[in-house]
Amino acid sequence: MSKEIWWASESFWRKNAIWITAGSFIVLIFLTFDTVSQITAGGKRVPAYSVINHRVSYEFDEKRNMQVPVIGVEEPLFGQKLTEEEAKSLVSRGKLTTQAKNCMNCHTLLGNGAYYAPDLTKSWLDPSWGSKDIREQEMVDFLMNPQDRLHNGLGRRMPNLGITEAEARATVAFLKWMSSIDTNGFPTNFVSIDQEN
Amino acid sequence: MTALGKLDSSNLNGGQKLGVKYYTVALALFGAQILFGLLAGLQYLYPDFLFGILDFSVNRMVHINAMVVWLLFGFIGSSYWLLEDESGIPVVGLKLGNLIFWVFTLAVVVVVLVYLLIQIGDGTHTSIWLINEGREYIEAPRWADIGIVVCVLVFFYNVAATFTKGRFTGVGGVLVLDLIALAGLYLAGMYYTPNISIDQHWWWWVIHLWVEATWEVLVGCLMAYGLMKTLGVRRKIVETWLYIEVALMFGSGILGLGHHYFWIGTPEYWFAIGGFFSALEPVPLVAMVVHAVFDAGHHKLKSTNNPALAWIIAQAFGNFFGAGVWGFMHTLPQINLYTHGTQWTASHGHFAFFGAYVTMVIAFFYIAIQKWRGNVYMSGNMAGGSWKWKWAIALLHIGMLAMTMALLISGYEQSQIERAVEGSSWVGYFTAQAHHWFVQGMKWRQIGGWIFTAGFVLLVWDLLTIGKRETRPAQALTEID
């Protein structure tokens, strides 16, 4: 057999495998520190939980050339202004409810999950709730008793998951907070519910 | 030595005896995955089917969890299968390994029963500790997470300690390092946060860095061993290729994680990083195709185990098309904005998991059954014919391709109508779901599912009977430079 070519040799590629893996991983660690600091609640991209005390809308930003969440006037959820701690606890209960009820195996959240039911990223802003004035109660009622509400021509329904009123309100808080996350323009071309008075 | 063709455990070494136990459970869970996939698929067509009894969310959860677990069982079984061969010594903690196998299997049964019978809990930490964590793919409740970590650590100890005590081959070295990453990454998914952006950020560490990095390297190790066993390819060649694959796989896959960070709240720089590195992700998969096809051609397709070689070649192409091409098609952010969270992902998911992983585990099922029957002849013109394995591989592929294409067409329609035209509102979602192109896609997917099921039944039948009537020993390996 002829002399081994260096770039086809086992040891060359073994070293490459080690260095490339280690190098990529180190870059990932650095990026992770930066990313986590940017997506911690209270930062620019992911607002504090008390954002639920305000109007959240989703508007086109000329400079970024995409739709972005805009935090507007004070508009407390269920008419009740909460402290950051109270808001965090409510949103957390809502998030726990979405996990315990397995929402993600029908719906997508931030586009991740299953595709049997609509994406929930901007569900707080969806025009289907009718009007801004009845939206909160509509959402609570729907979450507690979705099984009889045929809302599409397919016959596809959401089952009754035994969601209590407190859990439903917490879930609405979680959904409102989630709609304020800067998702780089996802979903695109979205038309929100009218929130002007 | 028992008669050739008779199923006898004395034909196997200790690690292999444990390996086939894992394979048996893996095959049963593969069946469960298909069953619950069929149920979930039917619910797209008949929404009232099992409504309120076994809702879509339950069927879909069991469908994807059974898949993750059966593939893991397949990988663990395959690692035990090759362990004594590669290291040259018996598995160091075989008794513990056996005990852990039963613990792991029992835990899986309990988790599935809870999924099916209890399904959901109230919105408290108790529910995610005991019933269901509600995070796609890693729904297993926290107690089971801890159990999985313990089981994987024992498995890791067995693999690492056996190689350390015996000899470290290239395959062994890569496998051990890969398992450290595989076990460590699981921890990233084991905590609760109310912040969904942070949640999904770490969730992708588990899902992506498992499926698009560590699992790929693991099947790279299995392919290396498989090619040595079925074709007699020289170790130096397969191990050099393995290093190339590791370099390219981790070099593209680790930062390719960025393609999941476009829309979950993470910064805009992930557009460039995720787009660029994930566009490179198909490159190592091309290397695997070249490697497998070149070796097979070089050895003039003379193999000791034709069904296993066929599945290895199927893996090379399936991995390239399913994971590589189908992933690349919607990985750039400009396209992904419209396809993220549609049936595009389902199309890619089905084809990729099948092409990259199912194929390789099935190849190892055939390698195992051959030795289990006393290293029986499994090349051309087998006694009893070869029609079963050939039809099984054909039906499984036809079924999978039908599902993939059908889901892709539904996905195209969804990205056009729900996303581009209707702007992703709920009305837009249901308008797209009701469109006849979408509905046709769901119907064809179901037909694909039935064909796949037929292939599975034939595969099980074949695995139970292949080599049974054969009396010749396996064809000798001929090493070619």
Side-chain angles (χ1 to χ4, degrees), chain A residues 1 10 13-14 16-17 20-21 24-25 27-28 35-36 38-39 41 45-46 88 91-93 95-106 108-116 118-119 126-128 152-157 159 161 167 170 178 181-184 186-191, chain B residues 44 47-48 51-52 55-57 60-61 120-125 127-128 131-136 139 194-198 200-201 236 239-240 243-244 246-247 250-251 254-255 257 261-268 337 340-343 346 419-420 423-427 429-430 433-434 481:
Chain A
M1 197 174 157
E10 197 178 354
W13 282 104
R14 188 190 304 123
N16 258 306
I20 291 174
T21 304
S24 305
F25 197 65
V27 174
L28 179 64
T35 296
V36 169
Q38 289 204 45
I39 61 174
R45 302 189 60 88
V46 179
K88 183 180 179 183
V91 169
S92 184
R93 184 164 190 194
K95 167 111 178 328
L96 273 173
T97 304
T98 64
Q99 289 187 223
K101 302 297 179 189
N102 202 6
C103 300
M104 215 179 177
N105 267 307
C106 282
T108 45
L109 288 85
L110 305 181
N112 292 314
Y115 319 115
Y116 193 68
D119 182 55
D126 203 279
S128 292
N152 58 73
L154 297 163
R156 220 183 280 175
R157 288 175 293 162
L161 301 169
E167 286 171 343
M178 183 163 69
I181 296 173
D182 184 344
T183 48
N184 287 337
F186 174 86
T188 186
N189 199 20
F190 184 83
V191 180
Chain B
Y44 268 99
D48 285 332
F51 181 75
D55 288 313
F56 179 87
S57 53
R60 203 265 189 174
M61 172 171 61
I120 50 172
D122 48 15
T124 59
H125 282 283
S127 298
I128 61 174
I131 301 170
N132 172 356
E133 205 190 324
R135 295 163 79 208
E136 196 190 7
E139 287 91 344
N195 183 340
I196 189 149
S197 287
I198 297 264
Q200 293 203 353
H201 175 268
K236 198 173 167 56
E239 291 192 340
T240 306
Y243 294 133
I244 294 173
V246 173
F250 280 146
I254 290 177
L255 290 170
L257 172 64
Y261 290 166
F262 297 156
W263 324 116
I264 63 165
T266 34
E268 276 180 67
L337 178 60
H340 176 54
T342 67
Q343 300 290 346
R419 297 293 169 82
S424 311
S425 64
W426 286 30
V427 167
Y429 173 85
F430 283 113
Q433 298 285 309
D481 277 340

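First the proteins, then the strands, lettered A, B, ... as listed; each starts at 1. What's counted below: heavy atoms across the whole structure, side chains too, no hydrogens, waters or symmetry copies.
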Trainee: Nearest 0.5 Å please: distance from the OG1 atom of A/T98 over to the CD1 atom of B/I196.
Mentor: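 Output value for this atom pair is 6.0 Å.
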Trainee: Got a sec, which residues hit side-chain contact (heavy atoms from CB on, under 4.5 Å) with A/A114, two or more places apart in sequence or on another chain?
Mentor: B/F56, B/R60
Trainee: Under a 4.5 Å heavy-atom cut-off, does chain B meet the side chain of A/V36, its backbone, both or neither?
Mentor: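 A/V36 touches chain B through backbone and side-chain heavy atoms alike.
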Trainee: Determine the option with the most heavy-atom pairs under 4.5 angstrom with chain B, choosing from A/M104, A/Q38, A/R14.
Mentor: A/R14
Trainee: Can you name the nearest heavy-atom pair linking A/P118 to B/F430, along with the distance?
Mentor: CG-CE1, 3.7 Å
Trainee: At a heavy-atom distance under 4.5 Å, which candidate from A/N152, A/T97, A/V46 has the highest pair count against chain B?
Mentor: A/N152
Trainee: CD1 of A/I39 to CD1 of B/I198: how many Å apart, nearest 0.5 Å?
Mentor: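 Reported to 0.5 Å precision, the distance equals 4.0 Å.
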Trainee: Only pairs of heavy atoms separated by less than 4.5 Å count here; which of B/G134, B/P194, B/S127, B/G121 has the most with chain A?
Mentor: B/P194
Trainee: Considering only heavy atoms, which portion of A/I181 lies under 4.5 Å from any heavy atom of chain B: side chain, backbone, both, or neither?
Mentor: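 Contact with chain B involves the side chain of A/I181 alone.
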Trainee: Using a cut-off of under 4.5 Å on heavy-atom pairs, state which of B/V427, B/L255, B/I131, B/T266 scores highest against chain A.
Mentor: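 The residue among B/V427, B/L255, B/I131, B/T266 with the greatest pair count is B/T266.
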Trainee: Backbone N or O of B/E133 within a donor-acceptor pair of the A/Q99 side chain at under 3.5 Å?
Mentor: yes
Trainee: For B/T124, is it the side chain, the backbone, both, or neither that has a heavy atom closer than 4.5 Å to a heavy atom of chain A?
Mentor: backbone
Trainee: For the backbone of A/L110 and the side chain of B/H340, can you confirm whether one donor and one acceptor N or O come within less than 3.5 Å of each other?
Mentor: yes
Trainee: Examine whether an atom of A/S128 lies under 4.5 Å from a heavy atom of chain B, and if so say whether it belongs to the side chain, the backbone or both; otherwise answer neither.
Mentor: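 Side chain of A/S128 only, per the 4.5 Å heavy-atom cut-off to chain B.
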Trainee: Count the heavy-atom pairs under 4.5 Å between each of B/A346, B/G341, B/G52 and chain A, then report the option with the highest count.
Mentor: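 Maximum pair count with chain A is reached by B/G341.
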Trainee: Side chain from CB out, backbone as N, CA, C, O: work out which of these in A/D119 comes under 4.5 Å of a heavy atom of chain B, or both, or neither.
Mentor: backbone
Trainee: State the OG1-CZ distance between A/T183 and B/F262, to the nearest 0.5 angstrom.
Mentor: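 If we round to the nearest 0.5 Å, A/T183:OG1 and B/F262:CZ are 13.5 Å apart.
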Trainee: For A/A41 and B/N195, work out which heavy atoms get closest and say how close.
Mentor: N-ND2, 3.3 Å
Trainee: Evaluate side-chain contact (heavy atoms from CB on, under 4.5 Å) for A/Y115 paired with B/T342, printing each intermediate quantity in order.
Mentor: CA-CA 6 Å; A/Y115 319 115; B/T342 67; 6.0 Å; no
Trainee: Kindly compute the distance separating CG (A/N102) from CD1 (B/I128), expressed to the nearest 0.5 Å.
Mentor: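 It is 12.5 Å, given to the nearest 0.5 Å.
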Trainee: Around atom CZ of B/F51, are there more than 12 heavy atoms from other residues, nucleotides or ligands closer than 6.0 Å?
Mentor: yes
Trainee: Identify the heavy atoms of A/A100 and B/D122 that sit nearest to each other, and give their distance.
Mentor: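 In terms of heavy atoms, the two residues are closest at CB-O, 3.2 Å.
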Trainee: Could you tell me which non-hydrogen atom of B/W263 sits nearest to which non-hydrogen atom of A/N184, and how far apart they are?
Mentor: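 Shortest heavy-atom contact: CZ3-O, 3.4 Å.
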Trainee: Heavy-atom distance under 4.5 Å between the side chains of A/T35 and B/P267, does that happen here?
Mentor: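 In short, these two side chains touch, coming nearer than 4.5 Å.
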Trainee: Could you walk me through whether A/R157 and B/D48 satisfy the side-chain contact (heavy atoms from CB on, under 4.5 Å) test, starting with their C-alpha distance in whole Å, then the side-chain angles of each, then the deciding distance to 0.1 Å, before giving a yes or no?
Mentor: CA-CA 8 Å; A/R157 288 175 293 162; B/D48 285 332; 2.8 Å; yes
Trainee: Taking all non-hydrogen atoms of both residues, which atom of B/G123 and which atom of A/L96 are closest, and how far apart?
Mentor: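 Here B/G123 and A/L96 meet closest at O-CB, 3.8 Å.
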Trainee: Donor-acceptor pair, distance only, cut-off 3.5 Å: does the side chain of A/N16 make one with the backbone of B/A247?
Mentor: no
Trainee: Report the residue from A/T21, A/V27, A/I20 that forms a side chain to side chain contact (heavy atoms under 4.5 Å, CB included) with B/I254.
Mentor: A/T21
Trainee: I need the A/R45 CZ to B/I264 CD1 distance, nearest 0.5 Å.
Mentor: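 Here the rounded value is 10.0 Å.
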Trainee: Heavy-atom cut-off 4.5 Å, strictly under: side chain, backbone, both or neither for B/F250 against chain A?
Mentor: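 Answer is both: backbone and side chain atoms of B/F250 are under 4.5 Å from chain A.
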Trainee: To the nearest 0.5 Å, what is the distance between SG (A/C106) and CE (B/M61)?
Mentor: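 Output value for this atom pair is 10.0 Å.
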Trainee: Tell me the closest heavy-atom pair linking B/G251 and A/S24, and the distance in Å.
Mentor: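 The answer is CA-OG, 3.8 Å.
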Trainee: What part of B/D55 lies closer than 4.5 angstrom to a heavy atom of chain A: side chain, backbone, both or neither?
Mentor: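 Side chain of B/D55 only, per the 4.5 Å heavy-atom cut-off to chain A.
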Trainee: Got A/F186 and B/R419 here, is their nearest side-chain heavy-atom distance under 4.5 Å?
Mentor: yes
Trainee: Is a donor on one side and an acceptor on the other found under 3.5 Å between the side chain of B/Q200 and the backbone of A/L109?
Mentor: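 Yes; at least one donor-acceptor contact below 3.5 Å.
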